[in-house]
There are 4 protein chains.
Amino acid sequence: MLPPGEPKFRRRPADRPEEILAAALEVFAERGFAAARVEEVARRAGVSKGAVYLYFETKEALFRAVVTQSIAPNLNQVIGLTAVEVPFESTVRAVFTMISQRMASDWRMSGVIKLVIAESRNQPELARIWHEAMIAPALGLASRLIEAGQRQGAVRHGDARYFAMGLMGPVLLSTLWRETFEPIGAEPVQIDRLIAQHVETCLKGMRP
Amino acid sequence: MLPPGEPKFRRRPADRPEEILAAALEVFAERGFAAARVEEVARRAGVSKGAVYLYFETKEALFRAVVTQSIAPNLNQVIGLTAVEVPFESTVRAVFTMISQRMASDWRMSGVIKLVIAESRNQPELARIWHEAMIAPALGLASRLIEAGQRQGAVRHGDARYFAMGLMGPVLLSTLWRETFEPIGAEPVQIDRLIAQHVETCLKGMRP
Amino acid sequence: MLPPGEPKFRRRPADRPEEILAAALEVFAERGFAAARVEEVARRAGVSKGAVYLYFETKEALFRAVVTQSIAPNLNQVIGLTAVEVPFESTVRAVFTMISQRMASDWRMSGVIKLVIAESRNQPELARIWHEAMIAPALGLASRLIEAGQRQGAVRHGDARYFAMGLMGPVLLSTLWRETFEPIGAEPVQIDRLIAQHVETCLKGMRP
Amino acid sequence: MLPPGEPKFRRRPADRPEEILAAALEVFAERGFAAARVEEVARRAGVSKGAVYLYFETKEALFRAVVTQSIAPNLNQVIGLTAVEVPFESTVRAVFTMISQRMASDWRMSGVIKLVIAESRNQPELARIWHEAMIAPALGLASRLIEAGQRQGAVRHGDARYFAMGLMGPVLLSTLWRETFEPIGAEPVQIDRLIAQHVETCLKGMRP
DNA sequence: GATGAATGAGCGTTCATTCAT
DNA sequence: GATGAATGAACGCTCATTCAT
């Protein structure tokens, strides 16, 4: 009874939007917003060009969805750590171990970070959302952690926000390194080893 | 350099390429390569659209020129420091003081860095050029400096390249912060202060 | 006609084509052929988009059906008047009273007239059908009536077809007025009063 | 010195917009707004698709320009007649002689009238503009003329606006006849003869 | 050299039509 | 029969590039 050959249409389950989002993240991360072609997103998602528009109003809406959906899963993980009450240095090690594991395993984050940076002028609303939902909370959490360390006498005098940025900077560097220079043949960075070494350096350097 | 008596508002054709490059950097940094319009570059350079094509074969050639011309001035300055032979920590402080001053004063570098990151997949040749001409030499220089420090017993055991990235990471972070989040109202970062604090933290943390 | 006991809100499949045609006339009259969307027709008919294609091969076939089905009911009514043999002026008054009542009550005719006019170049076959089935018979009927009046000495010398058009013109004008200018706030026309006054004027003006 | 073959570009004088408008009127009148293709307008104007967008922002703006530019020349001509003070019947004859000549010679008016009618729901602003700039003034002028005739005892009792519509109706009918039914082979209407006969009929029928 | 009107390939988006369910 | 997700041709609009002036 099955007709020979491939059926022209195939009804798929409700995960179509996710498949399109995944394909869109790939294409946007590779090409940037303007150079990405909707048809290419559709091709990688295994659907026709028109199907993309069944789920997303415009190319820009698709882009927004790509960026905003990247926030939730990471946010929860970071928030989870605030509850734990442990000595300062152990907490910093735990947070950055988690971050480096996420960065190493979740290839999607690197792409989104690059997109937010690259498109911030064209889509300031996305930069704002990312700042408010991801950057500011994470930076605030780290700053408060450091300030607590300073009050406990575990951390020397200094701007807590700059200490936090000093810890985070190499995370960003290694992420963008992987996105930018590894594809053209630069020596790979082992993110977990880089971060582990850097965290120890900073912890020692931040002691009174 | 200007012939005396020449009124300075008189545009001399010989300046055209530089003016176009400056305008192009502005527009590319704001919009990215694909979303940048040649006509907008021409407008900001005060020339006609056709004039851009008198000096640059294509939009892509213009982009390549923007990125490659940004290398030379910075490269010389870094190379200059290798000649000087001073104690390890003083050299690190001197290098990063210079870097933070350049980053704070030369708004063009931030834009180019962002462009190289954003367009690395579309224009891998540019990422390669930047890596070979800027990143690898600078990283190699820093690594060799640190290795020398380790041989002198001034720096503890550890991967020299990761120490260098640990030092550089916050420079990149603050640069992209200024490009990405300050325009949407995020709290500004004082790059020189951040870097100064971070360098002291790392120097202390890198001691044996 | 309805079987007794059948609840009237129960949609019977046999009504589908009529419901679709009614919805299609609405949408085509509002938007014109090209701007009308099949999905909107389906929505107003309370069926799915696919259902339209169960009854009509293509959008164009649906449009043809809308236009051609509008012919029959009116044709019978006009033809009915030819049988009656009454004095000239009474017949003219009777015909135009009927026309003005139809025009005032049957909002569908106005829409179809507008469609035939608007789409005559894209669908010349429809203009031809309408001309052959509606316009030419009606105009021929009126012309023969007037020629009879002229032979009886009740109507002055002149082109009978132009007299007929002189009588019909304001009917068309008021119909299109209602379609075109009343929706944007122009003063409404009372079609029956306009036609009554105009018929008297023409009858008097056509006397020898 | 002339290169053989056709030059790829040819700079034309400042009448480009008019050429495009003329071509656009043709295409819109034939196809309606939605079915008209910008590329076809460009082809008939002898320019490329992109050139249309040098002079008109969007297809809709082009359509608006087509409709609004049709108003001015006719308006002046009608207004000119209000100044003249002549006996009632002579004035009516003069006005309609002028109208029939315009309609017979200026093929553009018929197309625009059809467009305004057909697109009034999609582009109500245009129907409003046409009503305010053409229809209402002309109808008001005719009504005032007839009311003056009534005060002079030259016109019998009756609604002046309906008398005016009675006079104008056949003008619209014959115009749309030419647009709609003559292209499909219907017998042509000699607009000037129809109107001349109709005006005499109405004038006689409007006498007290 | 310099200009900017003109070109036309390319892409976002729509929607008539199809067909697996 | 009915549905509506899916398709893909078509078309509006943009903008890098060209070239007559």
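To find a chain, count down the sequence lines: A is the first, B the second, and so on, and within it residues start at 1.
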(request) Return the 5'-most residue of the pair C:A36, A:K59 with respect to DNA chain E, ranking by each residue's nearest nucleotide. (result) A:K59
(request) Quickly work out the C:F63 CZ to E:dT17 P distance and round it to whole Å. (result) 14 Å
(request) Measure from CZ on A:R37 to P on E:dG12 and round the result to the nearest Å. (result) 8 Å
(message) Both B:G50 and A:T58 contact DNA chain E. Taking the nearest nucleotide for each, which residue is further toward the 5' end?
(response) B:G50
(request) Verify salt bridge (Lys or Arg N to Asp or Glu O under 4.0 Å) between D:E40 and D:K49, making sure each step is shown before the conclusion. (result) CA-CA 8 Å; D:E40 172 72 6; D:K49 196 170 26 160; over 6 Å; no
(request) Starting from P on E:dC11, measure out to CZ on A:F33 and report it in whole angstrom. (result) 14 Å
(request) Please state whether the base of E:dG10 and the side chain of D:K49 form at least one donor-acceptor pair under 3.5 Å? (result) yes
(request) Using atom CZ of A:F28 as one end and atom P of E:dC11 as the other, report the distance to the nearest whole Å. (result) 14 Å
(message) Only pairs with both distances under 3.5 Å count, Watson-Crick or wobble alike; so what is the partner of E:dC15 in this structure?
(response) F:dG8
(request) Sort out the partner of E:dT21 for me: Watson-Crick or G-U wobble, both distances under 3.5 Å, none otherwise. (result) F:dA2
(message) Taking CD in B:E39 as the centre, count heavy atoms belonging to other residues, nucleotides or ligands within less than 6.0 Å. Is the count above 12?
(response) no
(message) At less than 4.0 Å, is any side-chain N or O atom of C:Y55 found next to OP1 or OP2 of F:dA2? Yes or no.
(response) yes
(message) Could you check whether atom CZ of B:R121 has more than 12 heavy atoms from other residues, nucleotides or ligands sitting under 6.0 Å from it?
(response) yes
(request) Tell me which of B:E39 and A:L54 sits closer to the 5' end of DNA chain F, going by the nucleotide each one is nearest to. (result) A:L54
(message) Is there a side-chain contact between A:L62 and A:Y55 in this structure, where contact means two heavy atoms from C-beta onward sitting under 4.5 Å apart?
(response) no
(request) Could you tell me the separation between the CZ atom of B:R31 and the P atom of F:dC15, rounded to a whole number of Å? (result) 11 Å
(request) From the options D:Q69, D:R108, D:R16, D:E26, select the one residue that forms a side chain to side chain contact (heavy atoms under 4.5 Å, CB included) with D:L21. (result) D:Q69
(request) Provide, to the nearest angstrom, the distance between the OH atom belonging to A:Y53 and the C1' atom belonging to E:dC11. (result) 9 Å
(request) Scan every strand shown for a Watson-Crick or G-U wobble partner of F:dC13, both distances under 3.5 Å, and answer none if you come up empty. (result) E:dG10
(message) Quick check for you: among E:dT7, E:dA16, F:dC13, whose closest atom lies nearest to any side-chain atom of C:V38?
(response) E:dA16
(message) When you measure from the side-chain N and O atoms of B:R16 to the phosphate of E:dG1, is any distance below 4.0 Å, counting only OP1 and OP2?
(response) no
(message) Between C1' on E:dT13 and CG on A:L62, what's the gap in Å once rounded to a whole number?
(response) 13 Å
(request) Take atom CD of C:E19 and atom P of F:dA2, then tell me their distance rounded to the nearest Å. (result) 11 Å
